[in-house]
Amino acid sequence: MGDKRIMMLILFTLAALLLVFAAFCMFGLPYMLMGPRVFDQLAERREQQVMAGLLLAAAISLVLAPFFASGLISDGSRVQVMAETLTGFIGRA
């Protein structure tokens with residue numbers, strides 16, 4: 001069981017580092033090259049808005065992944081308990 005947790009920690013850390021690198025490539029590198037005017041053009045460029053939205057969605061997914069990963073790799077009884085905990089519905093049908 002411990003090996004799975006270490007592997008998941010390594011994978012989440014790697015995903016976070018890659019996400020930070022992608023955000024740096026999208027925002028940090030152009031800012032270093034062009035200065036503050038690059039953010040003035042962000043409101044006009046649709047493709048940059050979409051990329052920023054996708055980076056935000058990936059960051060949110062990465063934060064929520066530990067909560068849902070345990071339910072996805074568990075047996076049926078643990079998944080039911082996790083689903084009841086997340087939804088707040090404790091009673092069984």
Side-chain angles (χ1 to χ4, degrees):
M1 187 70 174
D3 292 336
K4 288 182 182 180
R5 289 184 186 196
I6 292 172
M7 184 57 77
M8 290 297 287
L9 179 66
I10 290 170
L11 290 176
F12 283 135
T13 304
L14 180 63
L17 287 174
L18 291 175
L19 187 64
V20 168
F21 179 71
F24 170 74
C25 288
M26 184 176 165
F27 296 113
L29 196 60
Y31 183 79
M32 287 172 45
L33 296 176
M34 295 175 56
R37 66 179 179 191
V38 72
F39 294 120
D40 296 336
Q41 297 172 357
L42 181 65
E44 301 167 359
R45 295 186 178 175
R46 188 71 174 160
E47 66 274 1
Q48 285 186 342
Q49 292 173 352
V50 170
M51 286 191 301
L54 289 173
L55 279 173
L56 182 63
I60 291 171
S61 299
L62 185 63
V63 169
L64 294 178
F67 297 109
F68 296 112
S70 62
L72 294 175
I73 60 174
S74 301
D75 58 346
S77 62
R78 289 189 59 194
V79 173
Q80 181 66 31
V81 171
M82 187 195 154
E84 290 173 352
T85 304
L86 289 176
T87 60
F89 180 72
I90 303 299
R92 294 182 187 252

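When a residue number appears, it is its place in the shown sequence, counting from 1.
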Report task. Share the residues that join L18 in a hydrophobic cluster, the rule being Ile, Leu, Val, Met, Phe, Trp or Tyr side chains under 4.5 Å apart at the heavy-atom level. Result ->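 Its cluster partners, ordered by chain and number, are L14.
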Report task. Show which residues join L54 in its hydrophobic cluster (side-chain heavy-atom contacts under 4.5 Å, direct or indirect), or state none. Result ->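 Members besides L54, by chain and number: V50.
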Requested in this report: Go through the structure and list residues passing side chain to side chain contact (heavy atoms under 4.5 Å, CB included) with A52, not counting sequence neighbours.
Outcome: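 For A52 the side chain to side chain contact (heavy atoms under 4.5 Å, CB included) partners, ignoring immediate neighbours, are M26, F27.
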Query raised in the report: With sequence neighbours excluded, what pairs up with I60 under the side chain to side chain contact (heavy atoms under 4.5 Å, CB included) test?
Result: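 With neighbours one apart ignored, the set is L56, L64.
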Query raised in the report: Is there a path from F21 to V63 through hydrophobic residues (I, L, V, M, F, W, Y) whose side chains come within less than 4.5 Å of each other?
Result: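 In one cluster with F21: V63, no.
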Query raised in the report: Under the side chain to side chain donor-acceptor pair (under 3.5 Å) rule, what pairs show up with a residue in residues 49-63, not counting sequence neighbours?
Result: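 Applying side chain to side chain donor-acceptor pair (under 3.5 Å) to every pair that reaches into residues 49-63, excluding sequence neighbours, yields R46-Q49.
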Check [X] against [Y] and note the closest heavy-atom contact, atom names and distance.
{"X": "A58", "Y": "L19", "result": "CB-CD1, 3.6 Å"}
{"X": "L55", "Y": "A22", "result": "CD2-CB, 3.8 Å"}
{"X": "P30", "Y": "C25", "result": "CD-O, 3.4 Å"}

**Report entry** Qualifying residues under ring-ring contact (aromatic ring centres under 6.0 Å, His included), relative to Y31, sequence neighbours excluded
**Finding:**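 So Y31 forms a ring-ring contact (aromatic ring centres under 6.0 Å, His included) with F39.
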